[in-house]
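Throughout, residue positions are numbered sequentially from 1 according to the sequence presented. In what follows, every heavy atom counts, from backbone to side chain, and hydrogens, waters and symmetry copies are set aside.
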Amino acid sequence: MARRIRWFHFGVAALILVSFSPRAIAGPPFFTDDPVPVELKHWEIYFASEYIRTADNRSGTAPFIDANYGAYSNLHVHVGLPAAFNRPAGGPTTYGYGDTELGVKFRFIQETDFCPQMAIYPTAEVPTGDSDRGLGNGKTQAYLPVWLQKSWGPWTTFGGGGYWFNPGEGHKNWVYAGWVLQRDLSKTLTLGAELYHRTPDVVGGDSGTGFMGGGQVNFGEHYHLLLAMGKDFSGPDLFTQYLALQWTF
């Protein structure tokens, strides 16, 4: 499975560069996405880093650039440009360009007092990374998810899931599902928590069920800091971290 890439590893007191590897197309800072597209003729760009540690591997990206543009009403186009790294236990660290993400999010139901909004977000991961060095999947993957969301005052909940087509020797098609609950504590701070489940993506692999906790800090209208951390309750991921600077304009 292609793993995502991101850059930025700062601590709260000092900004520190970190790295990562991806899991599913996500609604930063979570793995699970929401159905809200970027507004018409607006941009949403993330300069990000996500890190996933297992018992025998460290993988990630540094940096991962996630760009989204509101091309039409209720529709945005997406491209993800990762610089990936991979470090198996006892082996050397490899670094280079990873697999490119291309997607389109289309919201086909608007939210009302009684109805959640809904969107589809078909996405492809193009095998531009070197799979022999652990920097890519080696085959084009496709993800077909459905996402929905409902809000009540400062509370928002969103989630859904979809099916990954994951061709290639030793690979398996797999399913991802997740759900997020978050609350706006102020105009500056939003906090949330996520539960997710994924089936194995390789023959003989493990499924994973886990959680993430995180949030967003707004520095005015255009700049936002996103951070999340978590792990699998049951599965291979011992620790996961995501950190990004979001620029909207």
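Side-chain contact, H171 with D201: no donor N or O sits under 3.5 Å from an acceptor N or O. Under the 3.5 Å distance criterion, with hydrogens and angles disregarded, no donor-acceptor pair is assigned to the side chains of W179 and T32.
Between Q149 and D34, the closest heavy-atom pair is OE1-CB, 3.4 Å. Smallest separation of non-hydrogen atoms from A67 and W43: CB-CZ3, 4.4 Å.
Here the rule is salt bridge (Lys or Arg N to Asp or Glu O under 4.0 Å) with D237, and of R198, R53, K231 only R198 fits it. Results of the side-chain contact (heavy atoms from CB on, under 4.5 Å) test with P127 over T140, N137, T100 single out T140 as the only residue that passes. A side-chain contact (heavy atoms from CB on, under 4.5 Å) with P29 is found for one member of L226, V180, L243 and no other, namely L226. When the options K150, R107, Q110 are evaluated for a side chain to side chain donor-acceptor pair (under 3.5 Å) with Q117, the one that passes is R107. The residue from E221, H42, H224, E39 that alone fulfils the side chain to side chain donor-acceptor pair (under 3.5 Å) condition with T248 is H224.
When the side chain to side chain donor-acceptor pair (under 3.5 Å) test is applied to T188, no partner is found at least two apart in sequence or on another chain. For Y163, the ring pair (Phe, Tyr, Trp, His ring centres under 6.0 Å) test picks out F165, with sequence neighbours left out.
Under a hydrophobic-cluster definition in which Ile, Leu, Val, Met, Phe, Trp and Tyr are linked whenever side-chain heavy atoms come within less than 4.5 Å, directly or via other members, F47 and L227 are assigned to the same cluster. Follow the hydrophobic side-chain contacts under 4.5 Å out from M229 and you reach Y51 in the same cluster. When the side chains of ILVMFWY residues are joined at heavy-atom separations under 4.5 Å, either directly or via intervening members, Y72 and M118 end up in a single hydrophobic cluster. Taken together through direct or relayed side-chain contacts under 4.5 Å among Ile, Leu, Val, Met, Phe, Trp and Tyr, I45 and Y223 form part of one hydrophobic cluster. L81 and L102 fall within a single hydrophobic cluster, where Ile, Leu, Val, Met, Phe, Trp and Tyr side chains are chained together by heavy-atom contacts under 4.5 Å.
Between Y176 and F31, the ring-plane angle classifies as perpendicular under the 30° and 60° cut-offs.
The ring of F233 has its center closer than 6.0 angstrom to the ring center of F211. Here the two rings, on Y121 and H76, have centers that are under 6.0 Å apart.
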